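Here is the structure we will look at.
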Amino acid sequence: MVAEPEWTERAEKRGLDPLGMQNAGVTLYQSLLPGISNVTLRMRYYGYYCWVSDAYARAGATDDFAAWRAWVRRSEALYALVSARATGEGGVGGVDWANRRLAQEERVVDFAEAASNDPSVTRYLRQSLGVFGGAYYSQMVELGLFRQGKHGIQRATNGTGRSAATAFREAIGPKVEKLLLETIRTAQVTPKQLDLLYPIIPSEIPELSKEREAYERLLFSPENASEVDASRSASLKLILLTAQELGSRPSPDEIRWHLFGTASPGDEALERQRIRWEAYHCQDMMQIAAASLLEWATDLMGEADAGRTSGEIEAEVGDRLKSSREGDDSTWSEFRGAIDHDAYDYRAVWSMLTSRHGTAEQKAWDAVGLIAALDQRMRERSDLHDATRLELRGHGSGRSIVTELAWFSRREDEDVCSLIASYVVERIVRRHSWVAMQKLRRQRDYTFLFEVRDGRLVRRRGYAPVPTTPRLNPATTFLEDIWLVDEDGPTARGRTVLGANA
């Protein structure tokens, strides 16, 4: 018997979270940098979209959603063309299409068709509301820049949204705005006009402008600041402090590791936020370690043509771990307690587990050691332990570092090899089966890494551990866009934002 349904068509899905453990970390980093996402790539889009909304209203807007959508799509397509013409502008939606159009060297670029929603033509982007609807709108709502209007039309708010629109308008000047309006309305533009529209591109926020000041207020000290606003401000200041410590524009990995191991100087609020970031990074390391064990489990299934039973996998994991330990029968408590969590090289192990080098079996003890180090770190750091339990407390069937370390705590007197063998089957293999079944039932996505055939688990494909991406790159780009950080670290303006912490 083959316990696999008969499919007329089955779409292959990789399943980015095969253990359902990434969601806890994602939820946490969303609260650490609210109003910024992994797909909101440039700060100036926030002001540009507010201007797009305000200009639509000033032009005698109708309540026809299709008309609003056409206005947004033309605005985006034109923005892509201007940015492509300027060259070197990253983070702009539709720029690949724009580069192809400009390569045709047309005397007049008519982009009406490309900005339409007609699926039979070559469009600048397929999403109905473009980058605005697919990426920026939800974050701008979070920041108080946009709200839902009548007939489903998104509108810039009367206060913050229109202020941002006015700041963008003043920064580009009346002549550029007039040309911008004309080219959006006609959906036609010449190369010369693209050059004249250069002031609107993402990197051209004037240093001495109300527009730049508006973005800084938005990110750091918005009116009627809430707890959410304070969280975003604290995280951005931590990025600036990292840049100051390193003397450069930090990469996302550099920020991760700096916040993992370096206390914030003399500021209790920033230190509390740093510990929240540390808790997030511990969670991400835990899901990487678990995913590494999943990779090993699927490799073991693949070693036998007929697959293996759960019992065979458990026995094989235990035997192979024991053979590599040369008779060491330490309990989990003893194994964990022998680790100096301060001296442990988390970064090197992280690099090993997320690399393509070495086999999953060779990495198994790295994964086990990382789990033990994290367990010991939580036990010896009450501040981190409390923050992690608060931020990552489980809901329903959710899994996180909290639920996993609780499992180990209940069985800490068992020998390490037997305990890990049990963990691989109970918490890894069975967990993946459950997660994949939920995706199949709810989303019709087939993400199983293995299938059950006559009671045996047969490998379909492997899985390489994937870290989550906590919005740090766009956040740093935003700081760069508004003149707060450069290649040498915080600018004078950035140090002013840090104030006493600089």
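Values in this document were obtained by computation on a predicted structure and should not be read as measured data.
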State which residues pass side chain to side chain donor-acceptor pair (under 3.5 Å) with N23; sequence neighbours excluded, sorted by chain then number.
-> none
Evaluation steps, side-chain hydrogen bond (donor to acceptor under 3.5 Å, both in side chains), between S235 and W277 | CA-CA 9 Å; S235 289; W277 274 103; 3.0 Å; yes
With ring centroids as reference points, do Y49 and F146 lie under 6.0 angstrom apart?
-> no
Carboxylate-amine/guanidinium proximity below 4.0 Å for E207 and R493 | yes
Who pairs with Y29 by ring-ring contact (aromatic ring centres under 6.0 Å, His included), at least two apart in sequence or on another chain?
-> Y280
Intermediate values then yes/no, side-chain contact (heavy atoms from CB on, under 4.5 Å), R162 and R155 | CA-CA 10 Å; R162 289 196 173 178; R155 297 181 58 186; 3.8 Å; yes
Show the numbers, then the answer: is there a salt bridge (charged side-chain N to carboxylate O under 4.0 Å, His left out) between E295 and K363?
-> CA-CA 10 Å; E295 183 180 17; K363 298 176 183 178; 5.1 Å; no
Taking only Lys NZ, Arg NE, NH1 and NH2, and the carboxylate oxygens of Asp or Glu, determine whether R274 and E271 approach each other closer than 4.0 Å.
-> yes
Take L145 and Y136, measure what side-chain contact (heavy atoms from CB on, under 4.5 Å) needs, and give me the verdict at the end.
-> CA-CA 11 Å; L145 292 170; Y136 284 84; over 6 Å; no
Give the intermediate values and the outcome of salt bridge (charged side-chain N to carboxylate O under 4.0 Å, His left out) for residues E211 and R44.
-> CA-CA 9 Å; E211 183 188 12; R44 205 174 200 186; 2.9 Å; yes
Give a yes or no on whether a salt bridge exists between E106 and R101, defined as a side-chain N under 4.0 angstrom from a carboxylate O.
-> yes
Do R276 and S231 have side-chain N/O donor and acceptor atoms under 3.5 Å apart?
-> yes
Is the shortest distance from a Lys or Arg side-chain nitrogen in R212 or E216 to a carboxylate oxygen in the other one below 4.0 Å?
-> yes
Stepwise side-chain hydrogen bond (donor to acceptor under 3.5 Å, both in side chains) check, D284 with T468 | CA-CA 7 Å; D284 216 30; T468 58; 3.0 Å; yes
Salt bridge (charged side-chain N to carboxylate O under 4.0 Å, His left out) partners for R74, two or more places apart | none
Should L208 and W483 count as side-chain neighbours, where that means a heavy-atom distance under 4.5 Å?
-> no
Between Q148 and Y137, does any side-chain donor sit less than 3.5 Å from a side-chain acceptor?
-> yes
Only pairs under 3.5 Å count here: list side-chain donor-acceptor contacts from residues 85-95, not counting sequence neighbours, and write none if there are none.
unit_1	atom_1	unit_2	atom_2	d
R85	NE	D195	OD1	2.8
R85	NH2	D195	OD2	3.1
E89	OE1	S203	N	3.2
E89	OE1	S203	OG	3.4
E89	OE2	S203	OG	2.5

Walk me through it: do D118 and S120 pass the test side-chain hydrogen bond (donor to acceptor under 3.5 Å, both in side chains)?
-> CA-CA 5 Å; D118 183 351; S120 66; 2.7 Å; yes
If we ignore angles and hydrogens, is there a donor and acceptor under 3.5 Å between the side chains of R249 and T477?
-> yes
Is the gap between the ring centers of F132 and Y79 under 6.0 Å?
-> no
Partners of R377 by salt bridge (charged side-chain N to carboxylate O under 4.0 Å, His left out), sequence neighbours excluded?
-> E278
Are the side chains of R256 and W350 in touch, meaning some heavy atoms are under 4.5 Å apart?
-> yes
Whether F260 and Y346 hold their rings parallel, tilted or perpendicular, with breakpoints at 30° and 60° | perpendicular
Atom CD of Q104: over 12 foreign heavy atoms under 6.0 Å = yes
Is D267 salt-bridged to K237, cutoff N-O under 4.0 Å?
-> no
Not counting sequence neighbours, which residues clear ring-ring contact (aromatic ring centres under 6.0 Å, His included) with F111? List them please.
-> none
side-chain hydrogen bond (donor to acceptor under 3.5 Å, both in side chains) evaluation trace for N473 with T476 = CA-CA 5 Å; N473 196 49; T476 307; 5.7 Å; no
